[in-house]
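Have a look at the structure below, then the notes.
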Amino acid sequence: MKSLLLLAVVFTSGVAAASIATSRTKYAGVNIAGFDFGMATTGTEDMSQILAPDNAQMTHFVKDDGMNIFRLPVAWQFLVNNNLGGTLNSGNFARYDNLVQACLGTGALCIVDVHNYARWNGGIVGQGGPANSQLTSLWTQLATKYAGKTNIVFGIMNEPHDIPSITTWAATVQACVTAIRKAGATSQMILLPSNGWTGAGTMISDGSLTALSNVTNPDSTTTNLIFDIHKYCDTDSSGTHAECVMNNIDNAFAPLATALRAIGRQGMVTETGGGNTASCVQYVCQQLAYLNANADVYLGYVGWSAGAFQPSWNYVLTLVPTKNGNSWTDTLLMKSCFSRA
């Protein structure tokens with residue numbers, strides 16, 4: 001999401017209906033938010049807003065909705081208790097790790113997502129703000145903790161935006177990849193975040209795809225280096241409106257699919273969604289069907305968001321299920337589009 005304060009089926013680009021029945025992405029799931037609450041798009045964090053999600057939601061989503069991937073956003077400041085460049089805070093990390101272990105216990109993939117918009121308190125990592133070494137210190141510690149967990153995915157950074165130099169940012173991403181691999185996490189997926197809020201529609205035009213294509217593992221391969229992608233279906237692609245107006249196929253996912261095939265690479269859509277409205281059921285379902293039909297380049301998609309959003313907040317993009325005794329009731333968008341039950 002771009003702020004925590006506060007993708008009927010129509011196909012284009014020659015997607016045949018027959019392919020829909022036989023093709024789908026390898027992964028489908030949902031974000032489990034809470035440890036990122038209080039994070040602004042400037043990378044400032046109010047830790048008093050952090051809430052631990054109900055781990056049982058993930059068990060429900062796996063059992064009742066066929067999901068197999070969860071993204072677990074967390075504030076950088078929370079992990080190190082506001083000590084930039086410092087060690088993981090034992091108490092805070094234990095709380096976050098409880099969520100991670102619950103996720104791993106479901107058998108799903110679990111994305112450890114640093115949700116800071118390439119920033120710490122307003123400063124851009126590697127470009128006037130924190131040094132690359134301060135971010136790689138965090139990732140070295142996290143990768144050391146989870147090196148033996150094959151179902152962990154490392155999400156280097158949520159939604160970098162307004163980055164002055166994409167080549168300099170790619171060097172920051174490279175430093176993180178190298179740190180993760182050297183810490184012993186040699187085989188897990190790592191998600192490479194582009195400029196422009198990791199937007200599918202701008203990844204090519206802003207030079208992110210080209211720059212990040214040069215990021216490699218220490219052995220010079222690109223195995224399991226996956227492009228991180230976001231895209232919402234509302235009027236400005238911000239993920240802040242209840243109504244949806246587009247399926248993002250012709251303007252974003254079709255050209256990006258072509259570009260990814262041309263370089264033999266893959267992407268993961270780690271945020272997408274909309275309101276629990278008829279318009280979003282229409283457009284998000286269309287978008288997800290396109291991703292399923294192009295599973296050679298799109299590994300999966302993760303809806304935004306379930307987790308610790310409270311019912312009284314009336315959060316516009318909620319995918320939080322309602323618990324009724326020992327059963328759960330999903331939101332309209334979840335059961336209409338995201339669920340694989």
Side-chain angles (χ1 to χ4, degrees), residues 1-6 31-51 71-89 92-93 95-96 111-143 154-177 179-180 190-199 202-203 206 208 211-212 228-230 232 237-240 270-271 304-305 307-308 317:
M1 274 301 293
K2 293 188 176 171
S3 178
L4 285 173
L5 293 176
L6 327 164
N31 281 264
I32 307 293
F35 285 109
D36 54 320
F37 286 2
M39 177 59 63
T41 59
T42 58
T44 57
E45 167 64 23
D46 176 4
M47 290 200 298
S48 70
Q49 296 190 37
I50 283 175
L51 292 175
R71 183 170 178 254
L72 314 175
V74 63
W76 183 358
Q77 288 92 333
F78 179 75
L79 290 172
V80 296
N81 203 32
N82 267 325
N83 181 19
L84 178 61
T87 58
L88 294 173
N89 178 269
N92 289 357
F93 177 72
R95 292 178 63 194
Y96 178 67
I111 304 172
V112 175
D113 160 54
V114 176
H115 212 78
N116 276 66
Y117 304 91
R119 288 158 169 79
W120 175 290
N121 294 351
I124 300 173
V125 181
Q127 301 189 45
N132 285 351
S133 60
Q134 292 173 312
L135 181 57
T136 58
S137 170
L138 176 70
W139 276 115
T140 295
Q141 295 177 73
L142 290 170
F154 299 101
I156 288 175
M157 184 60 64
N158 175 69
E159 292 192 345
H161 64 90
D162 301 292
I163 305 295
S165 170
I166 187 57
T167 54
T168 302
W169 174 246
T172 298
V173 174
Q174 178 66 74
C176 292
V177 169
I180 291 167
I190 302 177
L191 302 178
L192 310 181
S194 69
N195 195 11
W197 313 91
T198 57
T202 57
M203 194 172 293
D206 70 8
S208 291
L212 293 175
D228 200 352
I229 304 167
H230 291 184
Y232 287 92
S237 298
S238 66
T240 60
T270 63
E271 278 191 32
W304 186 273
S305 174
L317 298 192

Are the ring centres of Y96 and F78 closer than 6.0 Å?
no
Distance-minimising heavy-atom pair for W139 and V114:
CZ2-CG2, 3.4 Å
For M47 and N81 the tightest heavy-atom approach is CE-OD1, 3.5 Å
Got a second to check how far T270's OG1 is from E159's CD, nearest 0.5 Å?
8.0 Å
Quick one: does R119's side chain get under 4.5 Å of I163's, heavy atoms only?
yes
Does any donor atom in the side chain of S208 or N195 lie under 3.5 Å from an acceptor atom in the other side chain?
no
Nearest heavy atoms of I32 and P73, plus distance in Å:
O-CD, 3.5 Å
Taking the side chain as every heavy atom from C-beta outward, state whether E45 and W76 have any atom pair closer than 4.5 Å.
no
Heavy-atom pair with the smallest gap, counting every atom of C176 and T136:
N-CG2, 3.8 Å
Quick one: are R95 and F35 in side-chain contact, heavy atoms under 4.5 Å?
yes
Using the test side-chain hydrogen bond (donor to acceptor under 3.5 Å, both in side chains), find all partners of Q77 that sit at least two apart in sequence or belong to another chain.
N116, N121
Considering non-hydrogen atoms only, spot the tightest contact between Q141 and T87 and give its length.
OE1-CA, 3.2 Å
Once rounded to the nearest 0.5 Å, what's the spacing between atom CD1 of I190 and atom CG of L192?
7.5 Å
Rounded distance [0.5 Å steps], CD1 in I111 versus CG in N31
7.5 Å
Of all the heavy-atom pairs spanning I166 and A211, show the shortest one and how long it is.
CG1-CB, 3.8 Å
dist Q134:CD -> N83:CG (nearest 0.5 Å) comes out at 9.5 Å
Does L191 reach the side chain of F154, with side-chain heavy atoms less than 4.5 Å apart?
no
Does a side chain donor of either T198 or D228 reach within less than 3.5 Å of an acceptor in the other side chain?
no
So L138 and L79, do their side chains get closer than 4.5 Å, heavy atoms only?
yes
Apply the side-chain contact (heavy atoms from CB on, under 4.5 Å) test between I156 and each candidate in V112, V177, T172; give the one that qualifies.
V177
Intermediate values then yes/no, side-chain contact (heavy atoms from CB on, under 4.5 Å), N158 and E271:
CA-CA 10 Å; N158 175 69; E271 278 191 32; 3.2 Å; yes
Between W169 and S194, is any pair of side-chain heavy atoms under 4.5 Å apart?
no
